[in-house]
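Keep in mind the model is a prediction, meaning the values are calculated, not measured. When a ligand or atom number is given, it counts from 1 through the structure's own listing order.
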Amino acid sequence: MTTKKPSNKVFPITTFISNLPTNLIPQPSLSSFENGPQSRRLVIVGDIHGMKKSLENLLEKVGFDKAKGDHLILAGDITNKGPDSSGVVDLAIKLGASAVRGNHDNAVLDAAAEVAANGGDFELFKNLAATETMSENTTPPECLEKAGPAANIKLRHGPTSYNTAAQLSAHQIEWLAGLPLILRIQLPEDIPSSLGNNLVVAHAGLVPGVPLEEQDPHAVLHMRSLTRKLGEEDELTPDESFGEEGWAAGWDRWQEKLTSRTTVVFGHDAKRRLQLGKYTIGLDTACLYGHQLSALVISVTDAGIEHQIVQVDCADAPVVPTAPAKEDNKAAVDK
Ligand SMILES: [Mn+2]
């Protein structure tokens with residue numbers, strides 16, 4: 001068995017980009033009068049990572065009410081690492097939430113598929129992955145000695161992803177697998193908007209100047225910064241490292257050059273916490289590590305489209321952060 005893991009893999013994509021259905025998009029009160037509730041809001045929540053109590057507290061603080069037409073959108077990394085991924089997915093399904101896939105959701109899906117393709121024994125994979133992280137002097141669990149040929153499996157993930165995958169039901173896995181990587185939201189036009197009219201949700205980021213359809217799926221799940229190709233001023237490549245500035249700064253500069261501008265709502269960058277750019281809103285405020293869980297709440301009034309940030313303190317048992325460099329080497333897929 002080797003400890004070297006294959007490079008990051010994107011679990012098969014059923015939908016790369018989806019459009020939020022028109023009936024879920026907040027409309028000015030006059031036009032929505034005949035079509036349904038007038039107080040529709042979009043509530044977009046950053047990286048939850050199975051922190052269910054924090055999510056419940058945030059929805060309570062927002063006054064989230066599905067019956068009044070509020071719609072929940074999750075910006076990816078809904079699952080993994082935290083205490084109750086299954087409970088969070090259950091709640092998302094119950095509330096009819098929309099969401100995009102995060103790199104951790106992707107890892108959980110891939111781990112589930114890997115276990116299923118190799119006999120379906122989650123306990124074995126959890127133990128194998130845990131053994132990889134043990135010191136050389138540690139005796140492997142008895143079940144591994146009995147595993148025989150199965151112990152030659154080259155693991156694609158760390159123990160956390162197998163643990164989470166084992167907790168999710170087939171229905172929950174199916175829901176996660178069906179999530180798009182990019183969610184496009186066309187806000188009402190011809191009314192003032194604090195966000196513009198084109199809104200996109202993507203977990204990690206997008207490369208400026210590249211059409212949504214041509215974005216690299218791996219980068220959409222993992223990127224944090226942009227690298228400029230030497231001598232090619234407009235050629236930017238996505239990078240997973242934090243870089244001197246986040247990709248969002250480059251996105252904001254690019255939008256200034258355009259007539260039709262797009263605001264991106266994203267997560268993934270817990271280190272930079274809340275990011276309020278001109279055309280970028282970063283919502284990963286490190287709830288997993290004991291900080292805050294954040295929501296972007298978009299409402300439409302007669303005055304136009306307005307948005308605000310609502311936050312709660314972490315209400316779940318936090319996870320101790322690992323040093324990024326060390327984690328990079330250990331389990332590239334699970335960052
Ligand atoms: Mn992430």
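At a cut-off of 2.8 Å, His222 is not counted among the residues with an N, O or S atom near the Mn ion (ligand 1).
A salt bridge links Lys126 with Glu123; the closest basic N to acidic carboxylate O contact falls under 4.0 Å.
Within His268, the N, O or S atom at minimum distance from the Mn ion (ligand 1) carries the name ND1. Taking the N/O/S atoms of Asp77 in turn, the shortest distance to the Mn ion (ligand 1) belongs to OD2.
Of the listed residues (Arg224, Arg228, Arg253), just one forms a salt bridge (charged side-chain N to carboxylate O under 4.0 Å, His left out) with Glu245, and that residue is Arg253.
Atoms CD and CZ, from Gln308 and Arg41 in turn, are 8.0 Å apart once rounded to the nearest 0.5 Å. Distance check, rounded to the nearest 0.5 Å: CD1 of Ile73 to CG of Leu20 gives 5.0 Å.
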